[in-house]
Amino acid sequence: MKKVCVIGYPAKHSLSPVIHNYWIEKYGIEGKYEIREIEPDKFNDFLRNLHKEGYIGCNITLPYKEIAFALRDGLFVQNNSKDIPIGFIAKMSGAVNTIIMNDGKLIGSNTDCFGFYENIKKNEPKFNFENGKAVIIGAGGAARGILQSLIFTKVSEIIILNRTRDKAEQIRNEIYEPAIKDKIRVIDWKQRHEALKDINLLINTTSLGMIGQPPLDIDLSLLPKEALVTDIVYRPLITPLLKAAQEHGNSIVDGLGMLLYQAVPGFNMWFDEELKAKGIDGVEVTPELRQIVIDAGNLS
Ligand code: ATR
């Protein structure tokens, strides 16, 4: 039986087993997806011994995505998403969230960008990324990954708004291609309300708005009604930002879809043979799966 796990610290509340074990059961695959909560001083050894621990692959979650990038032996080269190359994204964002063992080597990729992109594409199929400016709020790891999605989807201008301006500038400075760098603009946190004036997409990548955290303090008065608003926070499903956007008349996409869709390329990689043997082209995110995850995570 093939075994896969998610490694994090803490990790016991991860919803990834619910997602992957749903597909394992649905397609009658001989497999198991487990949670492994590994302390920081044991992480390197655990990952290096992944195969001996009985796993053919894993997901990496907080706080280990950057360390996993440093420890990997290679990156996944096959582009299993037409739009978002998951190995290249890992390289560009310096973070790995999905690993498959190949000939004893740890092959890394980053499927978070794919998850972000698919979540919008599947929930708002008419949304056109190329139609105007996007605003990213935040400048942490999640913002870095999402920036790469926006670059791939040919967004014309990307504005990064972060409380600490230097961190946003740093992300911009890490982009080495001048044509892409020119598309990215950093705006001061004080000007965040006015920055929404003529944009097409607003994304919160901070944890503000999550249960137990203060809401994101931003005034949507100037936000065009045609703009799409999305949040990576999914606890609650409708964050204060998404609620305010709805009330303002905007379309919204909640953050749970990103979690669901980021799982797809990993599952398809790990269980490729099993799926092919059953004539299945790849797993899907269905309303049933979404509801199972909502129930399991007590999300509302
Ligand atoms: P991750 O790597 O998971 O994205 P992170 O690196 O901790 O998380 O980043 C959290 C983001 O939330 C940062 O952009 C942070 O802004 P700073 O760079 O100024 O710290 C932002 N953030 C956290 N609390 C905030 C607050 N009260 N107001 C505005 N931004 C906040």
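Each residue takes its place number in the sequence, starting with 1. Both counts, for ligands and for their atoms, begin at 1 and track the order of listing.
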Among all the protein's heavy atoms, is there at least one whose distance to atom 9 (O) of ligand 1 comes out below 4.0 Å? yes
Please determine whether a side-chain nitrogen of the Lys or Arg among Lys3 and Glu53 lies less than 4.0 Å from a carboxylate oxygen of the Asp or Glu. no
Taking the six-membered ring for Trp and the full ring for Phe, Tyr or His, determine whether the centres of Phe129 and Phe127 are under 6.0 Å apart. yes
Hey, what's the ring geometry for Tyr55 with Phe46, parallel, tilted or perpendicular (30° and 60° as the breaks)? tilted
Check each atom of ligand 1 against the heavy atoms of Lys167 and keep those under 4.0 Å away; list them by number with element. 17 (P), 18 (O), 20 (O)
Are Glu177 and Lys181 close enough for a salt bridge, meaning some N to O gap below 4.0 Å? no
Would you tell me which option among Asp217, Leu208, Thr206 has the nearest heavy-atom contact to atom 12 (O) of ligand 1? Thr206
Below 3.5 Å, N or O to N or O, backbone or side chain included: is there any such pair between Gly141 and ligand 1? yes
Nearest heavy atom to atom 17 (P) of ligand 1, choosing from Ile146, Ile136, Thr164, belongs to Thr164
Out of Arg192, Arg163, Lys65, Arg144, who gets a non-hydrogen atom closest to atom 27 (N) of ligand 1? Arg163
For atom 13 (C) of ligand 1, what's the nearest protein heavy-atom neighbour? Residue, atom name and distance, please. Asn162 OD1, 3.7 Å
Suppose I only count heavy atoms of Ala142 and a 4.0 Å limit; which atoms of ligand 1 are within that range? 4 (O)
Per-atom filter on ligand 1: closer than 4.0 angstrom to a heavy atom of Gly138 are 14 (O)
re atom 6 (O) of ligand 1, the protein heavy-atom contact at minimum distance is Gly140 CA, 3.4 Å
Arg72 to Phe69 six-membered ring, cation-pi geometry met (6.0 Å, 45°): yes
Identify, by atom number and element, the atoms of ligand 1 in contact range of Ala139, meaning under 4.0 Å from any of its heavy atoms. 14 (O)
Check ion pair Glu274-Lys2 (N to O, under 4.0 angstrom): yes
As a test of the contact definition, would atom 20 (O) of ligand 1 count as having a protein heavy-atom neighbour under 4.0 Å? yes
Salt bridge Lys42-Glu39, side-chain N to carboxylate O under 4.0 Å: yes
So, Asn97 side chain and Thr111 main chain: donor-acceptor pair closer than 3.5 Å or not? yes
